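Source: prediction; values computed, not measured.
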Amino acid sequence: FFRVYFFRSTPMSCPFAFGPTHRDLCWLVAGLALGGLALRWAHSTSPPLRPPTGHVEPVRVLEVAGRTIDEYFGNAATADHVISVARVRVSEPCTEPPQTPEFTEYLLILDGLMRVEVDGGATAVEATKGQGLYLPRGRRYLYTFPTGQCDYIPICVPAFSPSNCGREG
């Protein structure tokens, strides 16, 4: 193997049997440059830093018969498009319209039962008090609350908005 020194006094083995070619080094430099640009873009699209706060008042974003949603962090409550955290209380058996979200959702069940059908019923997952669900973006979900009693915390990355939830109907 060819030995390469990268700001070190000891050599590192190079995975190229006959040493890196000019093309290999160009690709390495291009990859490092694109990685740096990606990090800079991610930092520049983050919301402006706010001072720490010890008390956050939720914003009621939904109140219909048998269900309320109070958002603590996110587009509606804090104008944060990176993450949303809310508390949902369901008091009657119901089913939400199907949706194919553009965000990943983490669900923490505080009380009750939640059932989620995935991809048109091909798979179903359930969670009860003290459990969590992971729902990756881009799949079709149908949320059902068969017992009518459910209290849970949805965490969406990026933040939930009506335009990225992919709700049908």
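In the hydrophobic cluster analysis, where Ile, Leu, Val, Met, Phe, Trp and Tyr join through side-chain heavy atoms closer than 4.5 angstrom, Ile69 is grouped together with Phe145. By the criterion of side-chain heavy atoms lying less than 4.5 angstrom apart, applied directly or through intervening Ile, Leu, Val, Met, Phe, Trp or Tyr residues, Val59 is not grouped with Ile153; the two fall into different hydrophobic clusters. Leu135 and Val157 are assigned to two separate hydrophobic clusters, defined by single-linkage of ILVMFWY side chains at heavy-atom distances under 4.5 Å. In the hydrophobic clustering of this structure, Leu113 does not group with Leu142; members are Ile, Leu, Val, Met, Phe, Trp, Tyr whose side-chain heavy atoms approach within less than 4.5 Å, directly or through other members. In terms of hydrophobic clustering, with Ile, Leu, Val, Met, Phe, Trp and Tyr side chains grouped at heavy-atom distances under 4.5 Å, Val56 and Ile155 are assigned to a common cluster.
The only member of Leu133, Leu110, Leu107, Leu108 that meets side chain to side chain contact (heavy atoms under 4.5 Å, CB included) when paired with Tyr152 is Leu107.
Looking at heavy atoms from C-beta onward, Gln131 lies out of side-chain contact with Met114 at the 4.5 angstrom threshold. Side-chain contact between Asn164 and Phe103 is present, with at least one heavy-atom pair separated by less than 4.5 Å. At a threshold of 4.5 Å between non-hydrogen side-chain atoms, the residues Tyr141 and Val118 count as touching. Contact of the Phe160 side chain with the Glu105 side chain is not registered, since no non-hydrogen atoms from C-beta on lie closer than 4.5 Å.
In this structure, the separation between SG on Cys156 and OH on Tyr106 is 10.5 Å, given to the nearest 0.5 Å. Atom CG in Asp151 sits 10.0 Å away from atom NZ in Lys129 (nearest 0.5 Å). Between the CZ atom in Arg87 and the CZ atom in Arg60 there is a gap of 11.0 Å [rounded to 0.5 Å]. Atom OG of residue Ser84 and atom CG of residue Asn75 lie 7.0 Å apart, to the nearest 0.5 angstrom.
Ion pairing between Glu102 and Arg137 fails under the 4.0 Å rule for side-chain N and carboxylate O.
Here the shortest heavy-atom pairing between Glu71 and Ala77 reads OE1-N, 2.8 Å. Between Arg140 and Gly120 the shortest heavy-atom distance is NH1-CA, 3.8 Å. The minimum heavy-atom distance between Tyr134 and Thr104, with the atom names listed, is CE1-CG2, 3.4 Å. Heavy-atom minimum distance, Pro146 versus Pro93: O-CB, 3.8 Å. When all heavy atoms are compared, the tightest approach of Gly74 to Ala159 is CA-CB, 4.4 Å.
A side-chain donor-acceptor contact under 3.5 Å links Gln149 to the backbone of Ser91.
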Stepwise, does the salt bridge (charged side-chain N to carboxylate O under 4.0 Å, His left out) test hold for Arg89 with Asp70? CA-CA 9 Å; Arg89 292 180 180 98; Asp70 296 320; 3.4 Å; yes
